[in-house]
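The basis for the numbers below is simple: all heavy atoms, side chains too, and nothing from hydrogens, waters or symmetry mates.
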Protein chains: 2
Amino acid sequence: MLSQKTRYAIRAMQDLADRYGQGPAQLADIAERQNIPPKFLTVILSELTRFGLVDSQRGRDGGYWLAIAPVDISYGDLIRIMRGSLALVPCASRFAHEKCKNCVAESDCRTRALMLEVRDRTAELLDAIKLSDPIELAPADLGEGETTE
Amino acid sequence: MLSQKTRYAIRAMQDLADRYGQGPAQLADIAERQNIPPKFLTVILSELTRFGLVDSQRGRDGGYWLAIAPVDISYGDLIRIMRGSLALVPCASRFAHEKCKNCVAESDCRTRALMLEVRDRTAELLDAIKLSDPIELAPADLGEGETTE
DNA sequence: TTATTCTCTATCAAATAAGTTGAGAATATG
DNA sequence: CATATTCTCAACTTATTTGATAGAGAATAA
């Protein structure tokens, strides 16, 4: 699962993408529109700023804006930046590769072999969709036993 | 990421699948072969037993064995059982659907729309691979900057 | 009846996640 | 320059989850 922080980060970036080219957006406004605790959002936006995805300016009429065009930021990038990896297990991560604790030998691990494939497919999908892409909204799910997985 | 417990569960099930039809396997042996803390494995195997994937017998020469043929157990099933869902966000889960805390309206949530697709693709892959399938092992990753994502 | 092996609930510690505090630094404006 | 505004950043708190263990109990075979 994506952490709450990662989800907030994604929504904040979508918010900025929607306003790309329109000058700085202020933290308090983003927080309100996106329903994110403002103080927590400072942590998230500062992190995104340090990573170079967002630029900022202090003082009156300051705020945040995307440092990169929305068309050049994929959802894959966002998730990698926020959670370190797209993979489901550490040993299947490309950029944050790490041996799984208490595992059998990597070369013998069937789980790993499988998770490498899952990671590749996920990356394929998430790297292809950019912050600029219109996303077709899905109908809300109400209650139990619905049509979505 | 999959929890350690889920990874242990997968390895334990692979272990049982390899011995399908050969009588009960004992917890201590599975634990040793798969490098899983034995006491923790009791929790995991009991859970799998309660879910009906595994059968067990107590007493001398007792142990665990698959209650279902390996060909009928997919990795998707295993992950759903152990972590509740294949989805990356609660609101994109089919069987464990739940509103994401602090989100915008589900019908307005682009993240959700996207994650529904990720979940579908992951499910497609993981539901097609069964415990009985031979999995081509991947070479171990040594150190930094490798070829895997 | 005894040794063996699974069952179950409770509990604990460590790690992670979520969110807050508060002091500080840059910027625009009057 | 003084002030209000807005971001910056490290430290901290709290809640939750995860990983693991303990220990009493119940079934089974010999």
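In the helix from C:dT1-D:dA30 to C:dG30-D:dC1, the terminal helix axes, each the rotation mapping four pairs' C1' atoms onto the next four within five end pairs, subtend 10°, rounded to 10°.
Note: CE (B:Met82) to C1' (D:dG19) measures 12 Å, nearest angstrom. The separation between B:Ile36 atom CD1 and D:dG19 atom C1' is 13 Å, rounded to whole Å. Rounded to an integer number of Å, the gap from B:Arg58 CZ to D:dG25 C1' is 8 Å.
A:Lys39 comes within 4.0 angstrom of a nucleotide base, judged by non-hydrogen atoms across all strands. Within 4.0 Å (heavy atoms only), B:Leu45 reaches no atom of the nucleic acid at all. Residue contacts for B:Arg50: at a heavy-atom cut-off of 4.0 Å it reaches the sugar-phosphate backbone alone, with no base atom in range.
For the OP1/OP2 pair of D:dC9 and a distance below 4.0 Å, the side-chain nitrogens and oxygens of A:Thr42 include no atom meeting the criterion. A close approach under 4.0 Å does occur between a side-chain nitrogen or oxygen of B:Ser3 and OP1 or OP2 of D:dG19.
With the nearest nucleotide of DNA chain C identified for both B:Gly59 and B:Lys101, B:Gly59 has the one nearer the 5' end. Each of B:Asn102 and B:Arg60 lies near DNA chain C, and the nucleotide nearest B:Arg60 is the one positioned closer to the 5' end.
Of all heavy-atom pairs spanning A:Asp15 and A:Arg19, the tightest one is O-NH1, 3.2 Å. Here the closest non-hydrogen pair linking A:Val89 and A:Cys100 is CB-SG, 4.1 Å. Of all the heavy atoms in A:Tyr8 and A:Asn35, the pair that sits closest is CE2-O, 4.0 Å. Between A:Val104 and B:Gln34, the shortest heavy-atom distance links the atoms CG1-OE1, 4.0 Å. Listed here is the closest heavy atom pair of B:Pro24 and B:Asp61: CG-O, 3.6 Å.
Using a 4.5 Å cut-off on side-chain heavy atoms (C-beta onward), A:Gln14 and A:Tyr75 make contact. A:Cys103 has its side chain within reach of B:Arg11: a pair of non-hydrogen atoms, C-beta onward, lies under 4.5 Å apart.
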side-chain contact (heavy atoms from CB on, under 4.5 Å) for A:Thr49 and A:Tyr64? Distances and angles first, verdict last. CA-CA 9 Å; A:Thr49 302; A:Tyr64 299 88; 3.9 Å; yes

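When each of D:dC7, D:dA27, D:dG19 is scored by its nearest atom to the side-chain atoms of B:Gln4, the top-ranked nucleotide is D:dG19. Here the nucleotide nearest the side chain of B:Val43, chosen from D:dT21, D:dT28, D:dT18, is D:dT21.
Donor-acceptor pairing under 3.5 Å is recorded for the side chains of A:Gln4 and A:Arg7.
Protein chain B contacts DNA chain C from C:dT4 to C:dG19, reading 5' to 3' and using non-hydrogen atoms of the protein with a distance under 4.0 Å.
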